[in-house]
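Right, one structure below, let's go through it.
In what follows, every heavy atom counts, from backbone to side chain, and hydrogens, waters and symmetry copies are set aside.
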Amino acid sequence: MQPTHIRAKMISRIKYMVSNAIIKDRRYLDDEQLIRSEQLSVLEEIFNANVRDTEITELSSHFAGILRKDHPCHLAIWGKTGTGKTLTLSYFLNFLSEMCSQENIPIRHEHLDLSTPCPCFRALNDLACTFNASKRYKKGISLEELMLRIEAKLSEYEGYLILFIDEVDNVKRDRDTFLTFLVRRLPQRIKARLILVLVSNRLNWPDHLDPRVKSFLKLNELIFEPYDAVDLQHILRIRIEKALCKNAVETGVVEKIAAMASMDHGDARKAVALLAKSAYLAEKDSTKITLETVDKAAAEFDKDRYLSLLRSAPVQLQAAMASVIQATIQYRDKRLGTGRVYDEYKKICRQASLRAMTARAFGDLISELDIYSLLRSKVISRGRYGRTREIVLELPTSLIADAWEMLKNNLNLN
DNA sequence: TGTCCACAGGAAATACGGGGGT
DNA sequence: ACCCCCGTATTTCCTGTGGACA
């Protein structure tokens, strides 16, 4: 060991990195790290570039009634993830409140974020919490009790109350109870004028809703189109200016990222994440961000997404996924039905000393994996050889080995 | 035409684990 | 400390089903 040697190495590396730095302020590559006011200022710049113009105009006319002491009806908003629904709405509602307070119109808005799937109970509980009407419970208190507390808390308030409920369709099971409460019961019991803003990323969510709720729910609808490539370019350029040094980006990179992101979802968050990843990669190699860097970043991005999704999933789901992979490898080109995969699953559970769930429950696990699009399952009939769900692994082939390794580790197999 | 496979997937029953009330 | 109640997760039980085969 030669301490001076390693020191010299470190110093030269650090100096080198500093002189070649391309990231100026990495917080601007990740929204989570920005404080509220910074987020809003970025947002305002984006809006000033005429992005989301039509949506904001629509919102304005929908809520204009408030300034005339009118009661606008509820609003349903559709749009895929990363189309800026949440940010646009909170920006707009803040602005609206400001305007109203200048006119002395009492108004309040609350944001209920259901970005992770949650049962009716937790949704109500969260709602109660945002009103300070109750503490956070895990269990052990009835839905009725929660509703009463919310009502009690709001009983005195008489102005407008805008409830902005993000990702409504994440309310699993009993969605009707939740919505019935909001749509029918709550308005009758409180004096405030309630306006619901329901955000969802599926277009057809009111379809399988209790018809009684639906008829009560007079809705105005607003659709957030996915960003197109031009919008995304605006968004990226603003970020680049804030986060990166001058000349850190080769020409064509912005266009490329924008094109990639708009092609598969029009998701702005994803576009920014891709930019961030590219920047990190470029910085590590001390180069500019080139077109190849972007390709590399995109590949890694996909990999990370799948693997972290799996890693953080409940064990049973991981075991189910492992069994699907195992079965796919084992039976190579034969078609996979639920039965075979279930046998595999039982084996894996034994190895991982996990309690195997019943076939019925296993079927539900498969459906869940389908929702995450880790696999595709389709019910087919093979005549006298029965009916089953054909299961096809939907993982990029390059990832199968990685995923398998990770699952094996997580489940302590072998 | 009827049979029967191998499951799907709905409904009811049961197990679980945690909070509230006393 | 005890018991009871609640929502949630899983199991048990069950009916349904498309089409190959006889």
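Here A/Lys346 does not pair with A/Glu344 in a salt bridge; the nearest charged N to carboxylate O distance is not below 4.0 Å.
Between the C1' atom of C/dG18 and the CD atom of A/Glu390 lies a distance of 15 Å, rounded to the nearest Å. Summarising the geometry, the separation between CE on A/Met357 and P on B/dC16 is reported as 15 Å, rounded to the nearest angstrom. The CZ atom of A/Arg355 sits 7 Å away from the C1' atom of C/dT10 (whole-angstrom rounding). In this entry the distance linking CD1 of A/Ile380 with P of B/dG9 reads 13 Å, nearest Å. Rounded to whole Å, the distance from OH on A/Tyr342 to P on B/dA8 is 11 Å. Rounded to whole Å, the distance from CG on A/Asp370 to P on B/dA8 is 13 Å. Nucleotide C/dA9 holds its P atom 10 Å from the CD atom of A/Glu368, rounded to whole Å. Atom pair A/Phe362:CZ and B/dG9:C1' shows a separation of 15 Å (rounding to whole Å applied).
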Residues 379-388 of chain A, side-chain donor-acceptor partners within the protein, below 3.5 Å, at least two apart:
from, atom 1, to, atom 2, distance (Å)
A/Ser381, OG, A/Gly383, N, 3.4
A/Thr388, OG1, A/Thr338, N, 3.0
A/Thr388, OG1, A/Thr338, OG1, 3.1

Tabulate below the donor-acceptor pairs under 3.5 Å that side-chain atoms of residues 249-261 of chain A make, not counting sequence neighbours, or state none.
from, atom 1, to, atom 2, distance (Å)
A/Glu255, OE2, A/Arg237, NH2, 3.0
A/Lys256, NZ, A/Asp295, OD1, 3.1
A/Lys256, NZ, A/Asp295, OD2, 3.1

Distance-only check: which donor-acceptor pairs under 3.5 Å involve side-chain atoms of residues 299-309 of chain A, not counting sequence neighbours?
from, atom 1, to, atom 2, distance (Å)
A/Asp304, OD2, A/Lys277, NZ, 2.5
A/Ser308, OG, A/Asp304, O, 2.9
A/Ser308, OG, A/Arg305, O, 3.4

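Side-chain contact between A/Leu374 and A/Leu395: present, with at least one pair of heavy atoms (C-beta onward) separated by less than 4.5 Å. Side-chain contact between A/Leu336 and A/Glu390 is absent, with no heavy-atom pair separated by less than 4.5 Å.
Under 4.0 angstrom from either OP1 or OP2 of C/dA20 there lies no side-chain N or O belonging to A/Ser381. Contact annotation: A/Arg360 side-chain N/O to C/dT11 OP1/OP2 distance is not under 4.0 Å.
Remark: nothing in residues 312-322 of chain A comes within less than 4.0 Å of DNA chain C through any heavy atom.
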Report all interatomic pairs (protein N or O, nucleotide N or O of nucleotides 3-6 of chain B) with separations under 3.5 Å.
from, atom 1, to, atom 2, distance (Å)
B/dC5, O4', A/Arg384, O, 2.9
B/dC5, O2, A/Gly383, O, 2.9
B/dC5, O2, A/Gly386, N, 3.0
B/dA6, N3, A/Arg387, N, 3.2

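When only modelled atom types and interatomic distance are considered, A/Tyr91 and A/Glu44 share a side-chain donor-acceptor pair under 3.5 Å.
A cation-pi arrangement is found for A/Arg52 relative to A/Tyr227, the charged atom lying closer than 6.0 Å to the ring centre and inside a 45° cone about the ring normal.
Residues satisfying the side-chain contact (heavy atoms from CB on, under 4.5 Å) criterion with A/Ile105, sequence neighbours excluded, are A/Ile66, A/Leu67, A/Lys69, A/Cys100, A/Glu103, A/Tyr160.
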